[in-house]
Amino acid sequence: MTETTKRILLVDAFSYLYRAFHAIREMRSPAGEPTNAIYGVLSMLKKLRQDYPSDYIACVFDPKGKTFRDEIYPEYKATRSAMPEDLASQIDPLVEAIEATGWPIVVVDGVEADDVIGTLAYNASQAGCRTVISTGDKDLTQLVSDKVLWVNTMSNERLGPEGVKEKFGVPPERIVDYLTLVGDSVDNVPGVDKVGPKTAAKLLQDYGSLDALVAKADEVKGVVGENLRKALDWLPTARVLVTVKHDVPLPFNVDSLTFRGPNKEKLLALYDRFGFRTMRDALLKDDAPSPLGEGRVEGSAPPSRAVNSAQPASVPTPPPTPTASFVATRNYETVLTPEALDKWVAKVEGAPLVCFDTETTSLDPMTAELVGLALSVEPGEAAYIPLRHTYPGAPDQLPFAATLARFKPWLEDASRAKVAQNAKYDCHVLANEGVRVRGIAHDTCIASYVIDSYQRHDMDALAMRHLGAKTIPFEDVAGKGAKQISFAQVALDKATEYSAEDADVTLQLQGVLGPKVAADPKLDRVYSEIEMPVSRVLFAMERNGVLIDSQLLAKQTHELSEKMLALEHRAYEEAGQPFNLGSPKQLGEILFVQKQLPVKKKTPSGAPSTDEDVLEQLALDHPLPKILLEHRGLSKLKSTYTDKLPRMVNAKTGRVHTNYGQTVAVTGRLSSTDPNLQNIPVRTAEGRRIREAFIAPPGSKIVSADYSQIELRIMAHLSGDKSLIDAFGRGEDIHRHTAAEVFGAATADVTSEQRRYAKVINFGLIYGMSAFGLAGNLGIERSAAASYMDKYFARYPGVAQYMERTRAEAKEKGYVETVFGRRLWLPDIKSANAPRRQGAERQAINAPMQGTAADLIKLAMIAVQGWLEREKLATRLVMQVHDELVLEVPDTELSRVKSEVEKLMMGVAKLDVPLVVEAGVGENWEKAH
DNA sequence: CTGCTAGCATA
DNA sequence: GTATGCTAGCAGA
């Protein structure tokens with residue numbers, strides 16, 4: 001090639017200004033001026049110049065005044081909110097700094113940056129030049145051609161003509177038509193009602209162009225056609241608004257748009273003013289440029305490097321520090337060769353702490369198959385090792401088994417510290433491939449949960465909160481919903497950007513969260529002695545799974561169907577017509593319109609409620625509600641349990657493997673999903689039959705051990721109430737004791753109704769109840785409920801004081817704690833909004849009790865699992881239901897396990913009240929109770 | 001095809 | 001009155 005094509009690089013500055021401002025955490029200069037957007041844009045410009053070396057470059061800004069679009073459409077951009085003050089104040093210094101870096105800045109009065117860019121790109125194409133347009137604005141994809149490339153540096157998207165077609169469903173030359181139809185809510189340009197991206201693309205594919213579509217507007221069917229015809233008058237204006245001009249007069253010569261080199265003196269002064277130390281240092285060292293560029297930066301966002309770029313000489317970096325500094329270098333490598341593999345095996349084996357992350361085919365941990373592995377040993381550097389990407393044209397990858405085998409010794413070595421985000425999942429995935437991961441030292445998800453359970457703990461949220469970094473969402477690489485593709489279908493370059501980033505960011509998060517947890521002895525204890533150890537136990541329990549008698553459930557499904565069918569017919573007769581018993585809407589119509597039954601209460605959205613309470617009241621006046629109640633009960637059992645559970649049996653293990661959520665419940669409890677094994681029916685005889693299907697294999701039994709009255713005992717302990725502690729100490733029936741106190745009777749004379757009332761009161765206390773709530777629950781006058789509560793608090797003054805103390809402490813500190821120091825923050829505790837504040841007060845009362853109970857059983861699980869492993873028993877923990885542990889125990893181990901589990905559970909902590917455990921044995925879960 | 005509501009299962 | 005998760009129905013794409 002003798003002829004060299006000239007290249008031109010055009011940057012839409014404003015589109016990045018906003019993004020940088022929002023994506024980068026707050027940064028301030030020593031003088032306190034906001035600087036994050038300045039930092040972001042400067043870093044990006046530097047990166048762009050590295051990634052796209054060009055003959056001409058320009059950083060294009062919008063002018064301050066109005067443009068022709070405002071003239072023809074006064075509403076243009078009318079819905080844009082004013083620029084935040086902290087962003088507006090950064091513009092002038094940014095312009096100054098950009099000029100000092102040597103970039104030509106272009107602002108044309110009365111002409112939007114888009115139109116300047118359009119004109120420059122058009123002229124360049126005419127002259128045979130190639131143009132790269134760097135912008136976050138999708139509208140500019142209309143300029144894409146074989147000579148014009150659209151690049152979004154923030155999201156790592158690059159679109160040529162094919163890319164545009166793939167992304168929008170239409171080629172670049174139809175983007176104007178597309179935007180006209182869809183409209184632009186950001187700029188306040190309406191399109192055609194109900195026409196979104198998909199519909200617009202389809203219409204243009206069907207009709208060829210907007211003109212052709214308009215010509216045949218009468219043929220378009222449905223609501224879309226109607227709306228299109230309504231919009232016909234508007235469309236020409238919309239089209240002008242969304243069309244980027246390519247013929248505006250430019251008051252300068254393109255030849256002037258060259259990089260001028262930095263004005264070092266000025267730039268140094270500005271860096272000093274902004275507090276950009278690393279940028280300043282890099283500029284000073286510029287005479288001897290390092291291959292790493294700026295490397296590590298305090299604050300944020302040094303330049304990145306392309307995937308697969310050559311490895312820089314290894315530069316020792318300090319360990320991640322507790323300050324929220326984010327290394328935005330993206331030195332990410334796709335490992336495809338034996339040499340690169342050797343290097344990374346050596347890297348992980350030599351590193352004190354390694355972050356790893358798996359990419360898989362599924363979210364279900366037990367069936368997910370490994371697609372690739374990401375590793376990071378220092379900030380800003382990571383590798384993605386694709387193993388099973390299968391899309392057409394996928395590059396040859398390292399052999400799966402042999403490659404995994406290279407990492408296996410390290411993965412299985414408990415002395416080699418690893419960190420991951422939600423490590424339990426990755427451990428399952430690797431276990432599915434025959435690797436038993438050991439040495440999980442840290443989990444960023446769990447650390448975040450321990451610090452503040454109320455926050456979100458997904459990696460994207462953590463990166464934003466603790467590093468000020470916006471990470472690539474999974475949806476961006478794999479899509480979402482029905483059109484989501486498997487990670488195995490994701491192109492290697494995209495996969496590397498995503499997966500390596502996950503490993504990199506997780507390692508950096510550990511650098512922030514680890515010290516945060518370690519710095520607080522209470523949090524450190526909850527993290528190190530409860531959550532991390534119990535995570536291993538949960539992994540084991542999930543893998544163990546529980547055996548289900550699918551045949552029995554099938555039989556129950558059948559019986560339920562028949563009973564429901566009979567009930568349906570009876571309901572139709574009573575109603576005088578057939579209807580869907582499962583539809584609250586249809587049901588409301590029958591009950592409240594046709595039958596004119598009284599509306600007892602409304603749902604939050606205003607419809608008459610048909611819930612259990614209401615139907616029970618209505619059942620007194622009419623036979624239909626009773627039938628509905630019965631039907632509902634059976635329907636719930638069938639759909640949620642007898643139908644569903646057999647479908648959840650894992651084909652390989654023949655067992656059901658739930659997934660315990662360790663970072664979901666704000667109080668410290670676990671949650672259980674897919675399926676939820678923590679809400680298997682128990683209250684009704686019908687429901688309990690489902691528990692008969694939870695079985696042990698031949699030669700084994702189910703052992704169920706639960707804490708008795710655990711939360712009330714914790715209340716006694718926390719409150720120090722003497723009467724309550726003594727009652728528990730004597731082993732009394734606590735509800736009976738409460739009834740005797742509240743109703744002034746001898747314990748022996750308490751009626752069953754009095755005991756029932758006392759039980760409701762006791763539960764209410766745990767929930768932070770009010771007299772109002774108690775009255776509602778017992779169906780009594782509020783004054784009566786209030787007098788019971790007064791009586792209670794008079795008899796148990798320690799409890800009354802404890803409640804008051806807890807509320808006061810919550811208000812003072814903003815959080816409450818469990819016995820073990822687990823913390824629950826209560827952001828609403830000082831809310832001016834009374835219902836919110838009262839809600840927070842109830843949480844303040846409840847959380848220490850619910851949370852301490854959670855702590856206790858987690859400690860018990862750790863103790864039980866530890867004992868089982870040490871004793872090399874075949875007994876397996878199979879379920880946890882908040883205050884109950886369920887085990888599958890070989891007959892030979894039965895007596896030993898039963899007594900030891902009881903002992904371990906009771907002895908897990910020494911409270912001021914005894915912890916009582918009730919254990920049972922049976923051939924199924926129901927009989928074990 | 002996705003997101004919401006109503007209702008209900010557990011501790 | 002605390003804490004969860006799941007299903008069916010239904011509306012809006």
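Treat the numbers as computed from the prediction; the structure is a model and nothing was measured. Residue numbers begin at 1 in each chain, while the letters A, B, ... track the order of the sequences.
Atom OH of A:Tyr572 has more than 12 neighbouring heavy atoms from other residues, nucleotides or ligands inside a 6.0 Å radius.
Nucleic acid contact for A:Ser770: base, since at least one base atom lies under 4.0 Å from a heavy atom of the residue. Looking at heavy-atom distances under 4.0 Å, A:Leu774 makes contact with a base. Within the nucleic acid shown, A:Glu612 comes within 4.0 Å of sugar-phosphate atoms alone, with no base atom in reach, counting heavy atoms only. Residue contacts for A:Lys198: at a heavy-atom cut-off of 4.0 Å it reaches no nucleic acid atom on any strand shown. Note on A:Asp674: only backbone sugar-phosphate atoms sit closer than 4.0 angstrom, heavy atoms only; bases stay farther off. Across all strands shown, A:Phe763 has no heavy atoms under 4.0 Å from either base or sugar-phosphate atoms. At a threshold of 4.0 angstrom between heavy atoms, the contacts of A:Gln586 are confined to the sugar-phosphate backbone, with no base atom among them. A:Asn676 comes within 4.0 angstrom of sugar-phosphate atoms only, judged by non-hydrogen atoms across all strands, and of no base. Using a 4.0 Å heavy-atom distance criterion, A:Ser635 is classed as making no nucleic acid contact. A:Arg669 comes within contact range of at least one nucleobase, with a heavy-atom separation under 4.0 Å. Across all strands shown, A:Gln850 has heavy atoms under 4.0 Å from base atoms, whether or not it also approaches the sugar-phosphate. Within the nucleic acid shown, A:Thr199 has no heavy atom closer than 4.0 Å to any nucleic acid atom.
Under the side chain to side chain contact (heavy atoms under 4.5 Å, CB included) test applied with A:His631, the options A:Lys626, A:Met564, A:Lys636 reduce to a single match, A:Met564.
Under the 3.5 Å distance criterion, with hydrogens and angles disregarded, no donor-acceptor pair is assigned to the side chains of A:Glu711 and A:Gln850. Side-chain contact, A:Gln662 with A:Ser535: a donor N or O sits under 3.5 Å from an acceptor N or O.
For the pair A:Lys602 NZ and B:dG7 P, the interatomic distance rounds to 13 Å; values are reported in whole Å. Summarising the geometry, the separation between CD on A:Glu884 and P on B:dA9 is reported as 18 Å, rounded to the nearest angstrom. For the pair A:His929 NE2 and B:dT10 C1', the computed distance is 12 Å after rounding to whole Å. Between A:Glu686 atom CD and B:dA9 atom P there is a gap of 12 Å when expressed in whole angstrom units. Rounded to whole angstrom, the span from the NE2 atom of A:His882 across to the P atom of B:dA9 amounts to 16 Å. Rounded to a whole Å, the CZ atom of A:Arg632 is 6 Å from the P atom of B:dG7. When rounded to the nearest whole Å, the span between CG of A:Leu677 and P of B:dA9 equals 17 Å. The NZ atom of A:Lys638 sits 16 Å away from the P atom of B:dA9 (whole-angstrom rounding).
Not a single donor-acceptor pair under 3.5 Å links the side chain of A:Glu884 to the backbone N or O of A:Ser704. Judged by distance alone, the side chain of A:Arg655 and the main-chain N or O of A:Asn544 form a donor-acceptor pair under 3.5 Å.
Summarising the geometry of A:Ala847 relative to A:Val816, their closest heavy-atom pair is CB-CG2, 4.1 Å, with the distance given to 0.1 Å.
When DNA chain C is scanned 5' to 3' for any atom under 4.0 Å from a heavy atom of chain A, the first and last hits are C:dG1 to C:dA13.
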Every protein N/O lying under 3.5 Å from an N/O of nucleotides 1-4 of chain B:
unit_1 : atom_1 : unit_2   : atom_2 : d
B:dT2  : OP1    : A:Ala482 : N      : 2.5

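In this structure, the side chains of A:Val901 and A:Leu887 come closer than 4.5 Å at one or more pairs of heavy atoms.
Between A:Trp825 and A:Tyr815, a ring centre-to-centre spacing shorter than 6.0 Å is recorded.
Judged as a side chain to side chain donor-acceptor pair (under 3.5 Å), and not counting sequence neighbours, the contacts of A:Thr610 are A:Arg632.
Between A:Tyr792 and A:Tyr796, the ring-plane angle classifies as tilted under the 30° and 60° cut-offs.
Checked by distance alone, A:Arg683 brings no side-chain donor or acceptor within 3.5 Å of a matching partner on the base of B:dA9.
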